[in-house]
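This report refers to the structure that appears directly beneath it.
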Amino acid sequence: MKIILASGSPRRKELLSGLNVDFEIRLLPGIDESYPDDLPVQEISEFIARKKSSAYKGSISCDELVITADTIVVIDGKVLGKPVDAEEACSMLRLISGRTHQVITGVCLMTKEQERVFSVETDVTFKKLSESEIEYYVEHYKPFDKAGAYGIQEWIGFIGVESIQGSYFNVMGLPVQRIYSELLAFQNSM
């Protein structure tokens with residue numbers, strides 16, 4: 001199968017490259033990433049990943065497999081998406097400072113004939129961040145394209161993350177170990 005990563009994320013591209021599988025990036029503009037307000041938090045990332053993959057269904061050939069993903073950060077049952085500006089990014093970081101939150105990445109693997117949808121959850125605990133650390137990170141790293149306003153692989157991850165329960169790569173945006181297992185299962189089912 002020809003693998004297509006339907007993501008513009010440089011982190012997802014880097015992570016999938018680590019599996020040493022050939023793939024290409026294919027992007028469709030304007031895919032709606034909204035979800036129903038009453039959808040349980042644990043189902044949101046899978047819902048959006050499936051929604052993204054359905055946008056590709058009509059444009060793939062029989063020998064292609066599309067990978068879509070969506071990552072959310074959850075604390076106190078509240079979803080933290082991508083911040084719109086520095087003020088919102090700082091607010092999100094204050095919320096997760098000194099606490100544990102969940103990072104949930106939903107993934108959809110889809111061909112013309114089959115689809116596999118799953119999610120992986122990781123608990124991340126941050127130390128109590130100072131206001132100057134928060135402001136420094138937001139000013140220098142501009143984490144506006146990251147759910148929860150941080151990238152674990154960046155400075156804030158080095159100085160702030162006390163512990164992780166689960167997949168580090170999931171927190172970066174792609175649970176590659178699980179994707180590898182699912183790709184093998186996909187291959188064996190054909």
Side-chain angles (χ1 to χ4, degrees), residues 3-17 23-60 64-93 95-96 101-112 114-124 138 141-154 156-157 166-176 178-179 182-183:
I3 297 174
I4 297 160
L5 177 61
S7 174
S9 165
R11 291 164 302 282
R12 289 191 177 129
K13 178 183 177 186
E14 175 189 350
L15 290 170
L16 191 59
S17 294
F23 67 94
E24 73 174 62
I25 304 282
R26 192 177 300 169
L27 298 174
L28 294 177
I31 296 175
D32 176 25
E33 295 186 25
S34 64
Y35 55 88
D37 291 337
D38 62 345
L39 191 66
V41 170
Q42 304 302 82
E43 297 175 21
I44 292 171
S45 61
E46 285 186 24
F47 179 89
I48 296 172
R50 180 179 273 133
K51 196 173 189 182
K52 287 177 180 179
S53 74
S54 68
Y56 288 83
K57 189 125 188 167
S59 66
I60 62 170
E64 293 179 320
L65 179 143
V66 175
I67 300 173
T68 57
D70 189 75
T71 301
I72 62 171
V73 171
V74 179
I75 190 160
D76 299 332
K78 177 182 176 184
V79 176
L80 303 181
K82 297 173 185 173
V84 296
D85 56 24
E87 184 178 326
E88 187 176 25
C90 287
S91 178
M92 287 181 182
L93 290 169
L95 187 60
I96 64 175
H101 63 273
Q102 291 70 47
V103 178
I104 306 169
T105 301
V107 177
C108 183
L109 306 179
M110 184 217 32
T111 65
K112 285 269 194 204
Q114 299 180 54
E115 98 175 353
R116 290 181 186 268
V117 182
F118 59 90
S119 59
V120 173
E121 184 174 323
T122 304
D123 288 339
V124 181
V138 172
Y141 290 85
K142 311 219 182 303
F144 310 124
D145 64 337
K146 296 171 179 67
Y150 79 93
I152 194 166
Q153 72 281 6
E154 296 176 337
I156 199 80
S167 168
Y168 172 82
F169 300 113
N170 183 54
V171 182
M172 282 182 67
L174 204 62
V176 286
R178 177 74 185 270
I179 287 174
E182 294 289 342
L183 285 171

Straight-line distance of Leu15 CG to Gln153 CD, nearest 0.5 Å: 8.0 Å

Leu65 CG to Gln114 CD distance, which is reported to the nearest 0.5 Å: 9.0 Å

Contacts of Asp145 that satisfy salt bridge (charged side-chain N to carboxylate O under 4.0 Å, His left out) - sequence neighbours left out: Arg11

Close side-chain approach of Ile44 and Val74, heavy atoms under 4.5 Å: no

Side chain to side chain donor-acceptor pair (under 3.5 Å) contacts touching residues 38-48 (sequence neighbours left out): Gln42-Glu121, Glu46-Ser119

Euclidean distance, Ile96 CD1 relative to His101 NE2, rounded to 0.5 Å: 4.5 Å

Please report, to 0.1 Å, the donor-acceptor pairs under 3.5 Å made by any side chain of residues 28-36, with sequence neighbours excluded.
unit_1 : atom_1 : unit_2 : atom_2 : d
Asp32  : OD1    : Ser34  : N      : 3.0
Asp32  : OD1    : Ser34  : OG     : 2.9
Asp32  : OD2    : Ser34  : OG     : 2.9
Asp32  : OD2    : Lys51  : NZ     : 2.8
Ser34  : OG     : Lys51  : NZ     : 3.2

Nearest heavy atoms of Tyr56 and Leu27, plus distance in Å: OH-CA, 3.4 Å

Heavy-atom neighbours of Lys112 NZ exceed 12 at 6.0 Å: yes

Salt bridge present between Glu115 and Lys57 (N-O < 4.0 angstrom): no

Tyr150 side chain near Val103 side chain, heavy-atom distance below 4.5 Å: yes

Shortest non-hydrogen contact from Ala86 toward Phe144: N-CE2, 3.5 Å

Shortest non-hydrogen separation from Leu16 to Ile179 and the atoms involved: CD1-CG2, 4.5 Å

Under the side-chain hydrogen bond (donor to acceptor under 3.5 Å, both in side chains) test, residues paired with Glu64 that sit two or more places apart: Arg26, Ser61

Ser91 side, atom OG; Leu80 side, atom CG - distance, nearest 0.5 Å: 8.5 Å

Spacing of Ile72 atom CD1 and Ile104 atom CD1 [to the nearest 0.5 Å]: 4.5 Å

Nearest non-hydrogen partners of Gly77 and Val41, listed with the distance: O-CG2, 3.4 Å

Qualifying side chain to side chain donor-acceptor pair (under 3.5 Å) pairs, either residue in residues 73-88, two or more places apart: Asp76-Arg99

Whether Asn170 side chain and Val120 backbone form a donor-acceptor pair below 3.5 Å: yes

Test side chain to side chain contact (heavy atoms under 4.5 Å, CB included) applied to Ala49 - qualifying residues, sequence neighbours left out: Thr68, Cys108

Nearest atoms (heavy-atom pairs only) where Phe23 meets Lys13: CZ-O, 3.6 Å

Any Ile60 side-chain heavy atom under 4.5 Å of Met110 side chain: yes

Distance, nearest 0.5 Å, that separates CD1 of Ile25 from CD1 of Ile3: 11.5 Å

Non-hydrogen atoms of Ala69 and Leu174 that approach each other most closely: CB-CD1, 3.9 Å

Residue pair Thr122 / Met172, side-chain heavy-atom distance below 4.5 Å: no

